[in-house]
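In what follows, a single structure is set out as structure tokens and then discussed.
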Amino acid sequence: MDIPYRVGHGYDIHRLAAGGTLMLGGVPVSQTMSAIAHSDGDVVIHALVDAILGAMGWGDIGQLFPNNDARWKGAASRVFLQTVCARLAEAGWGVANADVTIMAEKPRLGPFREAMVMALAQMTGGAVNVKAGTNEGCDAVGRGEAVAAHAVVLVAKLQGSAR
């Protein structure tokens with residue numbers, strides 16, 4: 001069966017540390033905390049990459065960009081998303097839309113929402129929505145010790161693509 005659409009879901013979570021820069025959706029949202037991660041720890045982009053890979057049946061972010069590979073130490077997560085979107089286009093597919101939910105107690109993300117939407121839309125070429133919420137004091141996210149993101153993506157076969 002040749003289905004012209006596919007859906008994928010991605011999730012990521014990282015603990016937070018004092019100092020550094022917290023990147024979310026390709027946008028610096030804090031200069032007083034950062035994600036503890038091998039790369040820049042952008043949970044939004046990591047979840048979105050996993051959603052795209054899931055939609056295509058291409059495994060997960062850890063298989064393409066393993067955290068034990070020195071090439072990715074401190075890497076900007078936008079490189080992961082751009083790489084996966086290029087592979088997607090080469091296969092004759094594109095991101096139609098993405099819906100992202102960020103879970104964080106701090107910082108407040110409302111002032112950064114539009115910048116994240118614009119950055120992610122530019123990187124994916126699709127329509128993007130970003131929502132933010134808290135965990136109401138529950139678990140590591142709720143205690144402000146971590147930040148997490150869920151992403152759902154719809155990818156579509158590009159017009160005229162025989163792949």
Could you tell me the separation between the CG atom of N129 and the CE atom of M116, rounded to the nearest 0.5 Å? 11.0 Å

Please report the closest heavy-atom contact between Q63 and P66, naming both atoms and the distance. O-CD, 4.0 Å

d(T101 OG1, H150 NE2) to nearest 0.5 Å is 7.5 Å

Do H46 side-chain atoms and G10 backbone N/O form a donor-acceptor pair below 3.5 Å? no

Any side-chain to backbone donor/acceptor pair from E105 onto E136? Under 3.5 Å, distance only. yes

Give the minimum heavy-atom separation between G144 and K106, together with the two atoms involved. O-CE, 3.6 Å

Could you tell me which non-hydrogen atom of A104 sits nearest to which non-hydrogen atom of T134, and how far apart they are? O-CG2, 3.5 Å

Y11, OH: over 12 other non-hydrogen atoms inside 6.0 angstrom: yes

At what distance, to the nearest 0.5 angstrom, does CD1 of I45 lie from CG of D40? 7.0 Å

Look up atom CG in L48 and atom NE2 in H9, then write down how far apart they are to the nearest 0.5 Å. 11.5 Å

Is there a donor-acceptor pair under 3.5 Å between the side chain of N97 and the backbone N or O of A127? no

What heavy-atom pair brings A51 and A151 nearest, and what distance separates the two atoms? CB-O, 3.6 Å

So, the side chain of H14 versus the backbone of I36: is there a donor-acceptor pair under 3.5 Å, distance only? yes

State whether the side chain of D99 and the backbone N or O of V152 hold a donor-acceptor pair below 3.5 Å, judged by distance alone. no

For the residue pair T21 and S34, what are the closest heavy atoms and their distance? O-CB, 3.5 Å

Separation between CG of L24 and CG of L120, rounded to the nearest 0.5 Å: 10.0 Å

Scanning both residues in full, the closest heavy-atom pair of R113 with V130 reads NE-O, 2.8 Å

Say whether, by atom type as modelled, one donor and one acceptor occur between the side chain of D42 and the main chain of G25 under 3.5 angstrom. yes

